[in-house]
A.B. asks: 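Encoded as C-alpha cells, here's the structure I'll be asking about.
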Amino acid sequence: MGKSSNAVAAVAAAAGVSAAVAFAGVPEGVPAEEVRSATLGAVIVRGALFTEVLADDVMASREKPRAGEDEQAAAVRAAVEKTVRTLARQVLGSDGEPLKTYAEWNVFGVRHRDEALHLFNVARRLNGSAEDAEKN
C-alpha cells in the first residue's frame, strides 16, 4: 500500500469506516490489509471466506483425542492446527497467492514465532465479523 493508500485507510479508520483497497487474490468484499513483517517484508493478510470458516468448524467439531491425548490436549492441537491453516490460506504474497504452505508455516513459526502469531492475529481480527456472525 502506498503512502496515499495508508493515509486514506487511516482517515477511514478514524471515521469508523473501512477504506476499500483492492489486493490481488482477495475477492471483493473480503477484508484485507498489507502488513509489514521484519522477515517476510510486505505481505497481504485477508479475512476468511465463508467456506473456510465452515470447514474450520467442521474440522473442530470432528476432532477426537488421538492415542495418549485427553480432550483438552486434542482441543489444543486443533487450535494450533487451525492457526497454521489460517496462515497458509490467508497470508498472501504481492501476486495474490498464498505466501507459504502449511508445512512451510510450521517451520517458519519455530524460528519466527512472534511474526507468525502477529500475522495470525491480524487474520483473526479480519475474520472477526465472520466469527462474530457465526456465534449469533
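Only heavy atoms go into these numbers, but all of them, side chains included; no hydrogens, no water, no symmetry mates. Position 1 is the first residue of the sequence, and the numbers go up from there.
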A.B. asks: Would you say that L126 contacts E33 through its side chain, given a criterion of any heavy-atom pair below 4.5 Å between the two side chains?
C.D. replies: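 SC-SC contact between L126 and E33 confirmed.
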A.B. asks: Run the salt bridge (charged side-chain N to carboxylate O under 4.0 Å, His left out) test against R89 and tell me which residues pass, sequence neighbours left out.
C.D. replies: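 Checked R89 against salt bridge (charged side-chain N to carboxylate O under 4.0 Å, His left out); matches are E52, D56.
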A.B. asks: I'd like to know if E63 and K82 make a salt bridge, using a cut-off of under 4.0 Å between side-chain N and carboxylate O.
C.D. replies: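 So E63 does not pair with K82 through a salt bridge.
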A.B. asks: State which residues pass side chain to side chain contact (heavy atoms under 4.5 Å, CB included) with T39; sequence neighbours excluded, sorted by chain then number.
C.D. replies: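 Result, side chain to side chain contact (heavy atoms under 4.5 Å, CB included) vs T39: S37, F108, H112, E115.
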A.B. asks: How many angstroms lie between CH2 in W105 and CZ in R85, if you round to the nearest 0.5 Å?
C.D. replies: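 Going from the CH2 atom of W105 to the CZ atom of R85 covers 15.5 Å.
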A.B. asks: By side chain to side chain contact (heavy atoms under 4.5 Å, CB included), which residues pair with A42, not counting sequence neighbours?
C.D. replies: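 A42: side chain to side chain contact (heavy atoms under 4.5 Å, CB included) contacts with E34, R36.
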A.B. asks: With rounding to the nearest 0.5 angstrom, report the OG1 to CG distance, T83 to L117.
C.D. replies: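 Reported value, rounded in 0.5 Å steps: 7.5 Å.
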A.B. asks: Find the distance between CZ (R46) and CG (N127) and round it off to the nearest 0.5 Å.
C.D. replies: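 Reported value, rounded in 0.5 Å steps: 8.5 Å.
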A.B. asks: Could I get the full list of side chain to side chain contact (heavy atoms under 4.5 Å, CB included) partners for N106, not counting sequence neighbours?
C.D. replies: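 So N106 forms a side chain to side chain contact (heavy atoms under 4.5 Å, CB included) with V84, Y102.
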A.B. asks: Which residues satisfy the side chain to side chain contact (heavy atoms under 4.5 Å, CB included) test with A73, sequence neighbours excluded?
C.D. replies: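 With sequence neighbours excluded, A73 shows a side chain to side chain contact (heavy atoms under 4.5 Å, CB included) to E69, D70, given in chain and number order.
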A.B. asks: Let me see the working for V91 and V45 under side-chain contact (heavy atoms from CB on, under 4.5 Å), right down to the final yes or no.
C.D. replies: CA-CA 5 Å; V91 178; V45 181; 4.3 Å; yes
A.B. asks: Mind listing the closest non-hydrogen atom pair of V122 and V35 along with its distance?
C.D. replies: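 Scanning both residues completely, I find the closest heavy atoms to be CG1-CG2, 3.9 Å.
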A.B. asks: Nearest heavy-atom pair of Q90 and G47: which atoms, and what distance?
C.D. replies: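 In terms of heavy atoms, the two residues are closest at NE2-C, 3.4 Å.
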A.B. asks: Can you see which heavy atom on S94 is nearest to which on A24, and at what distance?
C.D. replies: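 Smallest interatomic distance, heavy atoms only, reads O-CB, 3.8 Å.
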A.B. asks: Going from CG on L87 to OG1 on T101, what distance comes out if it is rounded to the nearest 0.5 angstrom?
C.D. replies: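 It is 11.5 Å, given to the nearest 0.5 Å.
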A.B. asks: Can you run down the salt bridge (Lys or Arg N to Asp or Glu O under 4.0 Å) pairs that involve residues 90-106, sequence neighbours left out, and say none if there aren't any?
C.D. replies: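 Every pair satisfying salt bridge (Lys or Arg N to Asp or Glu O under 4.0 Å) with a residue in residues 90-106: there are none.
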A.B. asks: Any idea which heavy atoms bring P98 and A88 closest together, and the distance?
C.D. replies: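 Smallest heavy-atom distance, with atoms named: CB-O, 3.3 Å.
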A.B. asks: Could you report the tightest heavy-atom contact between L92 and G25, atom names first, then the distance?
C.D. replies: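 Answer, listing the atom of L92 first, then G25: CD1-O, 4.1 Å.
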A.B. asks: How about R77 and R66: do any of their side-chain heavy atoms sit closer than 4.5 Å?
C.D. replies: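 Heavy-atom side-chain distance check passes, below 4.5 Å.
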A.B. asks: What is the minimum heavy-atom distance between P65 and A74, and which atoms define it?
C.D. replies: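 Shortest heavy-atom separation between P65 and A74 comes out as CA-CB, 3.7 Å.
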